[in-house]
Number of protein chains: 2
Amino acid sequence: MGTTDETTEARETVIEAIERSAEIYGLKRSYGRLYGILFFEPEPLSLDGLVDRSGYAKSTVSNAMGTLERFHMVYRRSIPGEGKRAYFEAETDLWYVFQQFLQQEIRREIKTMTRALEDAEELLEASDADRAERDLERVRRLKRVYDQSAVVVDLLSQRSLSQLQSLVRRGDNNGS
Amino acid sequence: MGTTDETTEARETVIEAIERSAEIYGLKRSYGRLYGILFFEPEPLSLDGLVDRSGYAKSTVSNAMGTLERFHMVYRRSIPGEGKRAYFEAETDLWYVFQQFLQQEIRREIKTMTRALEDAEELLEASDADRAERDLERVRRLKRVYDQSAVVVDLLSQRSLSQLQSLVRRGDNNGS
DNA sequence: CGGAATATTCAGTAAATGACGAATATAATG
DNA sequence: CATTATATTCGTCATTTACTGAATATTCCG
């Protein structure tokens, strides 16, 4: 009898896809795999459990759990009477994960850029150099895009997927 | 008299912010800088022009233009009577850039994941292993998220920012 | 508060990446 | 179709990254 049954194969298929996606969204492949393992695990797993399942070193798994937690992709639980040991569980609602990402990382990016644009605007308004006016126009246009994008980020991060679905359907006719 | 006037300083402020953002969105900092330079340039720049302005090697700039073009962040133009020389211009509408990114990269990611999930689903439906049912449930739930996300991706990639603004405003009352 | 169990940090290393300059390829024009 | 100007590819080097195993720190419990 072979070493992989159908469920193992099925899980591996999905885990590999998650690995690739993790890479696309800027996470290490190994973190994707660890998330994938947790995603299918019926019970929360300890660090050592994850080491067993994945083959990664404990330090790797520990770091992975740290950043996956930061991105709301896993939860860490402690069980009273079990000493320091922690158990990890995957957040399976990736739309929620994405919303948290928008609210934290993207919002910060928008904020940083907005600040830079406002600083530049101020400098350029005070300048009478030849290029100032042209530069100012571009800065303002970029700022407008960022302002509007912030609204869209709010839209996405506050609505469930099904709410967005109905928004699409209702807005369909008057869209263009 | 100093070497930087106000407009140079203002531009540098924004270019540095673009560098940081480029990094966040998975582009090299150097590519962010080159885009920033083009963003402020009044006229399209040649490769050599960009080399002058940036200080990067020509090969670096050439590669950067290749990928920035791929992401619809710069346009390449040739001028008749100027031999092989190409001129580069920044796309300044970053919302458009983002929409193209959604349509190309994100759509592909969704497609790949969907395919993996469907393959896994098929395998699990045929299996009678203990874990099959539980795994199947998770696979199906993840697939639903991806299906719905595809709709949202379509929404975003087909609407202008101002159309989305009004969607928000109109949908505000019945949202939650 | 001491000791045992667990988690995190750190220093080292192998592999991947980013940028360069030289070598090669490509395109336009006479 | 040869020449010349330009762009791209390739091999390299230095830097950074991903992972490891050992050292350190933290937490819980008696």
Side-chain angles (χ1 to χ4, degrees), chain A residues 15-16 18-38 41 43-71 73-89, chain B residues 15-16 18-38 41 43-71 73-89:
Chain A
I15 288 174
E16 277 168 14
I18 295 177
E19 269 188 300
R20 284 192 294 274
S21 297
E23 199 168 32
I24 291 173
Y25 294 113
L27 282 176
K28 303 172 189 171
R29 292 182 73 89
S30 53
Y31 292 13
R33 169 159 294 269
L34 286 163
Y35 174 80
I37 290 170
L38 278 183
E41 208 58 37
E43 298 297 331
L45 269 185
S46 68
L47 262 196
D48 284 319
L50 276 163
V51 169
D52 286 350
R53 289 265 196 292
S54 68
Y56 290 117
K58 200 169 183 176
S59 52
T60 302
V61 177
S62 173
N63 285 320
M65 291 307 108
T67 86
L68 290 180
E69 219 182 347
R70 193 164 90 69
F71 288 117
M73 294 177 71
V74 312
Y75 295 112
R76 179 191 304 252
R77 296 170 42 198
S78 291
I79 295 182
E82 292 236 22
K84 201 190 173 181
R85 172 178 283 137
Y87 287 92
F88 299 93
E89 195 173 358
Chain B
I15 289 174
E16 277 168 14
I18 294 177
E19 269 189 299
R20 283 191 295 274
S21 297
E23 200 171 31
I24 290 173
Y25 294 112
L27 284 176
K28 302 173 189 169
R29 290 182 74 88
S30 54
Y31 292 13
R33 168 159 296 268
L34 286 163
Y35 173 79
I37 290 169
L38 279 182
E41 209 56 38
E43 299 295 330
L45 270 185
S46 69
L47 261 196
D48 285 319
L50 275 164
V51 169
D52 285 350
R53 288 266 196 292
S54 69
Y56 290 118
K58 200 168 184 176
S59 52
T60 302
V61 177
S62 172
N63 285 320
M65 290 307 109
T67 85
L68 291 179
E69 221 182 345
R70 194 164 89 69
F71 288 117
M73 293 177 71
V74 311
Y75 297 111
R76 179 190 305 251
R77 297 169 43 197
S78 291
I79 295 182
E82 292 236 23
K84 199 190 176 182
R85 171 178 284 137
Y87 289 90
F88 298 94
E89 196 172 358

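All heavy atoms count here, side chains included; hydrogens, waters and symmetry mates do not. Every chain is numbered from 1, with letters handed out A, B, ... down the list of sequences.
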Closest non-hydrogen atom pair between A:S54 and A:V61, with its separation: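 It is OG-CG2, 4.1 Å.
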Closest contact, heavy atoms only, A:M73 versus A:Y35: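 Scanning both residues, the minimum pair turns out to be O-CE1, 3.2 Å.
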Residues which pass salt bridge (charged side-chain N to carboxylate O under 4.0 Å, His left out) with B:R33, listed by chain and number, not counting sequence neighbours: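 By the salt bridge (charged side-chain N to carboxylate O under 4.0 Å, His left out) rule, B:R33 matches B:E12, B:E19.
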Per-nucleotide protein contact string for nucleotides 20-30 of chain C, where B marks a base within reach and S marks sugar-phosphate only (heavy atoms under 4.0 Å, - for neither): BB----BSSS-
Bending between helix ends of the helix from C:dC1-D:dG30 to C:dG30-D:dC1 [5 pairs per end, 10° resolution]: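 Answer for the end axes of this duplex: 30°.
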Within this structure, what is the [atom1]-[atom2] distance for the pair [X] and [Y], rounded to the nearest 0.5 Å?
| X | Y | atom1 | atom2 | result |
| --- | --- | --- | --- | --- |
| B:L47 | B:T60 | CG | OG1 | 11.0 Å |
| B:Y56 | B:Y31 | OH | OH | 10.0 Å |
| B:M65 | B:S46 | CE | OG | 11.0 Å |
| A:R20 | A:R29 | CZ | CZ | 7.0 Å |
| A:E16 | A:S21 | CD | OG | 12.0 Å |
| A:I18 | A:L34 | CD1 | CG | 11.0 Å |

Interatomic distance where CG belongs to B:L27 and P belongs to C:dT17 [whole Å]: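 Rounded to whole Å, this separation is 15 Å.
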Atom pair distance, as rounded to whole Å: CG in B:L34 and P in C:dG18: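 So the two atoms are 14 Å apart, to the nearest Å.
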B:D52 vs B:L45, side chain to side chain contact (heavy atoms under 4.5 Å, CB included): CA-CA, chis, key distance, verdict: CA-CA 10 Å; B:D52 285 350; B:L45 270 185; over 6 Å; no
Salt bridge (Lys or Arg N to Asp or Glu O under 4.0 Å): pairs with one or both residues in residues 53-62 of chain B, sequence neighbours excluded: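 Every salt bridge (Lys or Arg N to Asp or Glu O under 4.0 Å) pair that includes a residue of residues 53-62 of chain B, provided the two are not neighbours, is B:E41-B:R53, B:D48-B:K58.
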Sugar-phosphate, base or nothing in reach of A:R76, heavy atoms under 4.0 Å: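 Sugar-phosphate: the residue A:R76, judged by heavy atoms under 4.0 Å, touches backbone atoms but no base.
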Contact boundaries on DNA chain D for chain A, cut-off under 4.0 Å to non-hydrogen atoms: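 First-to-last contact on DNA chain D, by the 4.0 Å heavy-atom rule, is D:dA18 to D:dC29.
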Stepwise side chain to side chain contact (heavy atoms under 4.5 Å, CB included) test for A:F71 and A:L27: CA-CA 10 Å; A:F71 288 117; A:L27 282 176; 4.0 Å; yes
Sorted by number, the residues of residues 43-53 of chain A with heavy-atom contact under 4.0 Å to DNA chain D: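 By residue number: none to list.
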Test side chain to side chain contact (heavy atoms under 4.5 Å, CB included) applied to A:T67 and A:K28, step by step: CA-CA 10 Å; A:T67 86; A:K28 303 172 189 171; over 6 Å; no
